[in-house]
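Only one structure is covered here, and it is reproduced in the block below.
A note on names: the letters A, B, ... follow the listed sequences, proteins ahead of strands, and every chain is numbered from 1. Worth saying up front: this structure is predicted, and the values here are computed from it rather than measured.
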Protein chains: 2
Amino acid sequence: MKISHAARQAGLPVKTVRYYADIGLVKPAGRSMSGYREYDEAGLAKLGFVRRAREFGFSIEECRELLSLYEDRDRASSDVRTIASAHLAEIEEKQRQLAALRDELAYLVKTCQGNDRPDCPILDRLG
Amino acid sequence: MKISHAARQAGLPVKTVRYYADIGLVKPAGRSMSGYREYDEAGLAKLGFVRRAREFGFSIEECRELLSLYEDRDRASSDVRTIASAHLAEIEEKQRQLAALRDELAYLVKTCQGNDRPDCPILDRLG
DNA sequence: CCTAATCTTTCCAGCAGGGGGAAGGTCAAG
DNA sequence: CTTGACCTTCCCCCTGCTGGAAAGATTAGG
């Protein structure tokens, strides 16, 4: 299977699949005689796996770890859970920051009358 | 006032202040005879303004717009409100995505027993 | 006055996570 | 045989900085 087919099946741009090959995240099964990357079913599954993990916000390095656990039929589920829990904690921290930010900004937007007068609590708050 | 003093006062790294000067966001008032950047009180205020706006998650380009409004004593508060509202909408969209992500990931982590057996709903979900 | 430490400058390189596009090789259909 | 759709490598671009090297400026101490 050539790269565009694999990319389409996995739901990823061709550029991204090539990038994942370059950084050694998901390597093609081999190369054709003319140098084309060749993907098999296993590679396809890994590409899809990475796409979904990325959609979950896992970083490339986290994907690398998850992928090695995914391929290791003898791994313990606690290893996976550790990575996922850490990521979950990061997400929740980000949520807290975002919520605080939103509240403060929403207050400013609400307070600002948004008319043609120069008085503006938003700028007052920033300046 | 030389760059390290201005940076310290504004609460920014020197590198960042230099970067802001390079991209024309906050230019120094002038240069000393030996080529050192010189900042005055107005520049200091702008650096602090940008730092706070960045903490609010405004992009550099948004900061550029806010800064020009900040300097324009005749601007309408609605102009500022427009930028801030757009940014607020972005934040809220990000919050929704993050919440959905968190819920799904939290469910998986909760479901995963995290023992030494290979069964793992997290990997099942990704693979 | 000399020296060493601490500024400052410029430029170069790089991080994540790719995107865009050029220059050139390949392959199947008509 | 030609056309068009692939594929390859290559390098630059993005955001928002951060680090480092090399070289000049200033300042404190002896």
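Nearest to the side chain of Arg37(A), among dT9(D), dT10(C), dC6(D), sits dT9(D). Nearest nucleotide to the Arg54(B) side chain, out of dC17(D), dT9(C), dG25(C): dC17(D). Here the nucleotide nearest the side chain of Pro13(A), chosen from dT26(D), dC17(D), dG19(C), is dG19(C). Closest to the side chain of Tyr36(B), out of dG19(C), dT26(D), dC7(D), is dT26(D).
Across the protein-nucleic acid pair, His5(A) atom NE2 and dC27(C) atom P stand 19 Å apart, rounded to whole Å. Rounded to an integer number of Å, the gap from Ile23(A) CD1 to dG14(C) P is 17 Å. With rounding to whole Å, Arg51(A) atom CZ is found 17 Å from dG17(C) atom C1'. Rounded to whole Å, atom C1' of dG16(D) lies 19 Å from atom CZ of Phe56(B). One can place CD of Glu55(A) at 15 Å from C1' of dG17(C), the figure rounded to the nearest angstrom. A straight line from NZ of Lys2(A) to P of dC7(D) spans 6 Å, rounded to a whole angstrom. Regarding Tyr19(B), its OH atom lies at a distance of 18 Å from the P atom of dA13(C), rounded to whole Å. Summarising the geometry, the separation between CE on Met1(B) and P on dC7(C) is reported as 16 Å, rounded to the nearest angstrom.
Proximity of Glu41(A) to Lys46(A): side-chain heavy atoms (C-beta onward) are nowhere separated by under 4.5 Å. Using a 4.5 Å heavy-atom cutoff, the side chains of Arg64(B) and Ile23(B) are in contact.
The existence of a salt bridge linking Arg51(A) and Glu55(A) is confirmed by a sub-4.0 Å separation between a basic side-chain nitrogen and an acidic carboxylate oxygen. Electrostatic pairing of Arg102(B) and Glu92(A) counts as a salt bridge here, judged by a charged N lying under 4.0 Å from a carboxylate O.
Gln9(B) places no side-chain N or O within 3.5 Å of a backbone atom of Ala6(B) that could act as its donor or acceptor partner.
Residue side chain Lys15(A) reaches the base of dG21(C) through a donor-acceptor N/O pair under 3.5 Å, judged by distance alone. For dG17(C), its base never sits under 3.5 Å from the side chain of Tyr20(A) at any donor and acceptor pair.
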- Given Leu105(A) and Phe58(B), is the side chain to side chain contact (heavy atoms under 4.5 Å, CB included) satisfied, shown in steps? CA-CA 11 Å; Leu105(A) 196 56; Phe58(B) 288 100; 4.0 Å; yes
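Nearer to the 5' terminus of DNA chain D, by closest-nucleotide assignment, is the contact made by Ile60(B) (compared with the other of Met33(B) and Ile60(B)).
Here Ser34(B) does not reach the OP1 or OP2 of dT9(C): none of its side-chain N or O atoms lies under 4.0 Å away. Proximity of Arg31(B) to the phosphate of dT10(C): a side-chain N or O atom is located under 4.0 Å from OP1 or OP2. For the pair Ser59(A) and dA16(C), the criterion of a side-chain N or O lying under 4.0 Å from OP1 or OP2 is not met. A close approach under 4.0 Å does occur between a side-chain nitrogen or oxygen of Ser4(A) and OP1 or OP2 of dC7(D).
If you check every strand for non-hydrogen atoms under 4.0 Å, Ser32(A) touches nothing. In this structure, Ile3(A) reaches the sugar-phosphate backbone alone: every heavy-atom distance under 4.0 Å involves primed, P, OP1 or OP2 atoms, never a base. As judged by a 4.0 angstrom heavy-atom cut-off over every strand, Arg18(A) is placed among the base-contacting residues.
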